[in-house]
Every structure is written in C-alpha cells, then in structure tokens.
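Each chain gets a letter, A, B and so on, in the order the sequences are listed, and its residues count up from 1.
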Protein chains: 2
Amino acid sequence: MFRALADPTRRAILDRLRRREHGVGALCEPFAMTQPAISQHLRVLSEAGLVRSRRQGRERIYSISPRPLRQAFDWLAHFESFWTDRLDALGDHLDDDP
Amino acid sequence: MFRALADPTRRAILDRLRRREHGVGALCEPFAMTQPAISQHLRVLSEAGLVRSRRQGRERIYSISPRPLRQAFDWLAHFESFWTDRLDALGDHLDDDP
DNA sequence: TTGACACATAAGAATGTTCTTATATGATGT
DNA sequence: ACATCATATAAGAACATTCTTATGTGTCAA
C-alpha cells in the first residue's frame with residue numbers, strides 16, 4: 001500500500017481527488033501522459049484500496065477511499081515523538097507500545 | 001522518499017529503530033536476508049534522510065532521522081478530514097488549502 | 001603488523017514498475 | 001443496429017528494484 005503511494009503521479013492524483021472527485025478524463029488533463037497510463041495508476045490505487053469508483057453515464061468517477069491512508073497515517077504517527085520531543089538527539093525513545 | 005517507505009523490510013527496520021538505535025548486525029538478525037542486503041536498505045533509508053549513522057568502535061550505529069517522516073505525516077494529514085468527518089460518503093470535500 | 005571483526009561496495013541475475021501503442025468494452029444518442 | 005465517447009486492458013520496451021556472491025575498507029586486539 002505504501003507501494004501505491006510511492007509514485008508521484010499517484011500522489012498527485014490523490015491530491016487532486018482530495019479536492020473533489022473526478023472522472024478519468026479530468027484526471028488525465030494535468031499530466032503529460034496518455035490516458036491508459038492514468039488508468040493503470042488508478043488501477044494500482046484501487047487495488048490498494050485508496051480510491052473507489054462508480055459509473056455515471058459513460059464516465060467513471062473516482063474518489064478517495066480513506067481507510068488505508070489512515071493506516072499509513074497511524075503508522076507514521078508512531079514516530080511523532082521524534083519530532084515532538086526536544087530530547088530527539090538523546091536516543092531516548094524506548095517502547096511506546098509494548 | 002515515499003519510495004524508501006515502500007519496501008516492507010525498510011519499514012521493519014524503521015520500526016526497529018523507533019524503539020532504540022542499533023548496529024547493522026543487530027538489524028540483520030531478524031531478517032532472512034544477507035547482511036549486504038540490509039546494508040543496501042540502510043543506504044536507501046540514509047539517502048532518503050530517514051536514518052543517520054555514527055561510528056562507534058567497529059560498529060556503525062543507525063538511528064531515526066525524523067524530518068522526512070514528518071513530511072510524509074503532514075502530507076497524509078491533509079486527508080484527515082476523510083476519516084474524521086461523518087460526511088465522508090457525501091464527497092463533500094472541497095478545497096481546504098486554497 | 002597481522003588477523004579477525006563489522007560493515008560497505010560491486011557486479012550481476014531475477015523480478016517489478018511505468019510508460020507506450022493498439023485494441024477491447026460498455027454506455028449513449030440517432 | 002451503428003457510430004461515438006469514455007475508459008479499460010493487452011503486449012511489450014525501457015528502466016528500476018531487490019536480492020545474491022564476492023570483495024573492499026576501516027577498526028581493534030594481540
């Protein structure tokens with residue numbers, strides 16, 4: 001799933017979808033890339049559970065599906081004390097979830 | 001940088017370093033992988049700014065370097081409203097940073 | 001200074017990713 | 001039924017990742 005977030009195009013797509021949902025055509029527009037390439041990225045995002053889609057006429061509308069993003073967020077939150085503590089440099093981080 | 005987080009071995013290394021700093025030998029121990037493989041992962045983490053290291057005798061001690069983790073965390077935090085709001089299903093997420 | 005230890009680097013094989021072009025599918029309007 | 005629009009899928013080329021084994025580098029201890 002972090003793998004799906006590893007690609008900058010896919011992160012840009014998510015940033016775009018964060019603002020509002022979009023059809024594929026609209027998602028393609030800002031990228032210097034063919035439509036199949038975007039569809040493939042959407043597939044990766046979809047398989048990672050990061051987006052969902054529904055049909056609407058002949059368009060397919062994609063939107064954010066937040067659950068895995070939240071998992072990633074929660075994982076990173078484990079490291080929060082590293083930038084919160086001023087004790088940072090002391091290597092003072094022992095088990096916070098035993 | 002998300003690319004560096006995309007590999008499960010590297011995330012496991014970070015999880016390990018989150019608890020305390022470690023030498024390479026200790027980091028290798030839980031993995032079914034050779035020492036050079038781990039050293040290569042450590043190099044990727046280091047180039048992404050996710051870990052730092054210092055020499056201590058003949059050991060090299062690795063520890064977390066939190067700045068890029070925080071960037072990732074901040075990026076994901078942009079999506080926080082998706083799992084916070086109960087309006088989730090309404091696609092009601094318009095610009096929150098214009 | 002020599003041997004052993006802890007680690008890094010190099011080279012290469014296997015596999016995975018990310019694009020392209022060409023083609024298939026599914027819905028709409030006539 | 002047919003042409004068209006919106007999108008998906010397939011096949012393949014180019015490049016990147018992730019391991020392996022073999023070897024290099026720096027530190028310590030005798």
| field | Of B:Trp83, B:Phe79, B:Phe82, the residue whose pairing with A:Phe73 passes ring-ring contact (aromatic ring centres under 6.0 Å, His included) | value | B:Trp83
Please state how far atom [atom1] in [X] lies from atom [atom2] in [N], giving the value in whole angstrom units.
{"X": "B:Glu29", "N": "C:dC7", "atom1": "CD", "atom2": "C1'", "result": "17 Å"}
{"X": "B:Ile13", "N": "D:dT18", "atom1": "CD1", "atom2": "C1'", "result": "12 Å"}
{"X": "A:Phe2", "N": "D:dT17", "atom1": "CZ", "atom2": "P", "result": "18 Å"}
{"X": "B:Arg43", "N": "D:dA16", "atom1": "CZ", "atom2": "C1'", "result": "15 Å"}
{"X": "B:Arg54", "N": "D:dT27", "atom1": "CZ", "atom2": "C1'", "result": "16 Å"}
{"X": "A:Phe31", "N": "C:dC19", "atom1": "CZ", "atom2": "C1'", "result": "14 Å"}
{"X": "B:Ile61", "N": "D:dT27", "atom1": "CD1", "atom2": "C1'", "result": "14 Å"}
{"X": "A:Met33", "N": "D:dA14", "atom1": "CE", "atom2": "C1'", "result": "15 Å"}

| request: Give B:Tyr62 one of three labels, base, sugar-phosphate or nothing, depending on what nucleic acid heavy atoms sit under 4.0 Å from its own. | output: sugar-phosphate
| When we call it a touch if two heavy atoms are under 4.0 Å apart, what does B:Glu59 touch: a base, just sugar-phosphate, or nothing? | sugar-phosphate
| So which one's nearest nucleotide on DNA chain C is more toward 5', A:Asp7 or B:Ile38? | B:Ile38
| request: Begin with the C-alpha distance, continue with both residues' side-chain angles, and end with the deciding distance and a verdict on side chain to side chain contact (heavy atoms under 4.5 Å, CB included) for A:Arg43 and A:Glu47. | output: CA-CA 6 Å; A:Arg43 181 136 90 130; A:Glu47 280 168 357; 3.7 Å; yes
Taking the side chain as everything from C-beta on, heavy atoms only, tell me whether [X] gets closer than 4.5 Å to [Y].
{"X": "B:Ile13", "Y": "B:Tyr62", "answer": "no"}
{"X": "B:Leu69", "Y": "B:Leu5", "answer": "yes"}
{"X": "B:Leu50", "Y": "B:Ser65", "answer": "no"}

| message | Checking contacts here: which listed nucleotide (C:dA8, C:dT18, C:dT20) is nearest the side-chain heavy atoms of B:Val24? | response | C:dA8
N or O in side chain of [X] less than 4.0 angstrom from [N] OP1/OP2:
{"X": "B:His41", "N": "D:dT17", "answer": "no"}
{"X": "B:Arg3", "N": "C:dT18", "answer": "yes"}
{"X": "B:Ser39", "N": "C:dC7", "answer": "no"}

| remark: Sorted by position of nearest nucleotide on DNA chain D, 5' first, the leading residue of B:Pro8 and A:Gln35 is A:Gln35
Output side-chain donor-acceptor pairs under 3.5 Å for residues 30-41 of chain B, partner residues at least two apart or in another chain, one line each.
| residue | atom | partner | partner atom | Å |
| --- | --- | --- | --- | --- |
| B:Gln35 | NE2 | B:Ser39 | OG | 3.0 |
| B:His41 | ND1 | B:Arg10 | NH1 | 3.0 |

| Nucleotide by nucleotide, 5' to 3', does protein get under 4.0 Å of the base (B), only the sugar-phosphate (S), or neither (-) in nucleotides 24-30 of chain C, counting heavy atoms? | ---BBS-
| Distance (rounded to the nearest 0.5 Å) between B:Glu21 CD and B:Arg16 CZ | 13.0 Å
| request: Please state whether the base of D:dT7 and the side chain of A:Gln40 form at least one donor-acceptor pair under 3.5 Å? | output: no
